[in-house]
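Read the structure below first, then the notes.
Order of the sequence lines sets the chain letters (A, B, ...), proteins ahead of strands, with each chain counted from 1. Note that the coordinates shown come from a computational prediction; the quantities given were computed from them, not determined experimentally.
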Protein chains: 2
Amino acid sequence: MEDNIKFDEKGLVPAIVQDADSGEVLMMAYMNKEALQRTLAGGDVWFYSRSRKELWHKGETSGNYIKVCEVWQDCDGDTILVKAHPTGPVCHTGNKTCFFEKLTKQDI
Amino acid sequence: MEDNIKFDEKGLVPAIVQDADSGEVLMMAYMNKEALQRTLAGGDVWFYSRSRKELWHKGETSGNYIKVCEVWQDCDGDTILVKAHPTGPVCHTGNKTCFFEKLTKQDI
């Protein structure tokens, strides 16, 4: 298959991480080509940190690495879905998932 | 709760849609403030189409609307997760999900 991932004007593509067992959506962050290559190599999930402007080996600080199971692209190649096994809480707050705040129509 | 969604420099925030029953990740698209407000009002999922540059009532062309169950934000307010019930295939290809192409390390 040809390389048909559409990186944006900053060379990034959004990547959703989902727990391969529970199906829970854990986080979303951005990958550049090298982060995607490293993620596809198997082992851990890698991102590109937009704030630090560098490759980000998720878990390198917290110890909570995310182990890759499968990597999918969407129909137009501009979003990645990683099915994975987290080795600990994914969120920097200590929550299992970054999506722990529910919105209501009063919020926006 | 204060309005703490971080819309990007184009006024958009990425929104993941997940099947509320199966947990399957169905698609990702972008919402502006009005699309998020309409989605939070209950009923159908709305996006902002970056290509057409207009509000996008998902399903208005195909008839395959997506019914909102819950809306979540992530820890830093820059990604939305919508748990929902699709009324038909979500993808324009006719697939149930937009994530139907698996990547391997040969792909990138």
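- Linking Ile, Leu, Val, Met, Phe, Trp and Tyr whenever their side-chain heavy atoms come within less than 4.5 Å leaves B:Met28 and B:Trp56 in two separate clusters.
- In the hydrophobic clustering of ILVMFWY residues, with side-chain heavy atoms under 4.5 Å counting as a link, A:Phe47 and A:Val68 come out together.
- One distance of note links CD of A:Glu101 with CG of B:Asp76; it measures 10.0 Å at 0.5 Å rounding.
- For the atom pair A:Leu40 CG and B:Gln106 CD, the distance stands at 9.5 Å (nearest 0.5 Å).
- Note on B:Val13 and B:Val82: same hydrophobic cluster, where clusters join Ile, Leu, Val, Met, Phe, Trp and Tyr whose side-chain heavy atoms are under 4.5 Å apart, directly or indirectly.
- Contact check for A:Gln37 versus B:Asp107: no side-chain heavy atoms found under the 4.5 Å cut-off.
- Clustering ILVMFWY residues whenever any of their side-chain heavy atoms sit less than 4.5 angstrom apart, transitively, puts B:Phe7 in the very cluster that holds B:Met31.
- Residue A:Lys105 qualifies as open at atom NZ: its count of foreign heavy atoms under 6.0 Å is 12 or below.
- Under the 4.5 Å side-chain heavy-atom criterion for ILVMFWY residues, a single connected hydrophobic cluster contains both A:Val17 and A:Val71.
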### Task
Just do the side chain to side chain contact (heavy atoms under 4.5 Å, CB included) check on B:Leu81 and A:Glu24 with the steps written out, would you?
CA-CA 11 Å; B:Leu81 173 64; A:Glu24 192 168 17; over 6 Å; no
### Task
Dump the intermediate steps for salt bridge (charged side-chain N to carboxylate O under 4.0 Å, His left out) on A:Lys10 and B:Glu9, then the final yes or no.
CA-CA 13 Å; A:Lys10 293 170 186 161; B:Glu9 67 281 5; 3.5 Å; yes
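- Contact annotation: the side chain of A:Glu70 approaches that of B:Lys102 to within less than 4.5 Å [non-hydrogen atoms, C-beta and beyond].
- At a 4.5 Å heavy-atom cutoff, B:Asp19 makes no contact with chain A through either its backbone or its side chain.
- B:Val25 pairs in a side-chain contact (heavy atoms from CB on, under 4.5 Å) with only one of the listed residues (A:Ile16, A:Asp74, A:Thr79), which is A:Ile16.
- For B:Ser22, no part lies under 4.5 angstrom from a heavy atom of chain A.
- Across every non-hydrogen atom of A:Phe99 and B:Trp72, the tightest pair is O-CE3, 3.6 Å.
- With a 4.5 Å cut-off on non-hydrogen atoms, B:Leu36 touches chain A through its side chain but not through its backbone.
- Pairing each heavy atom of A:Gly23 with each of B:Gln18, the nearest pair is O-NE2, 2.8 Å.
- In this structure, the side chains of B:Leu103 and A:Ile80 come closer than 4.5 Å at one or more pairs of heavy atoms.
- Interface summary for chain A: among B:Gly42, B:Cys75, B:Pro14, the most heavy-atom pairs under 4.5 angstrom belong to B:Cys75.
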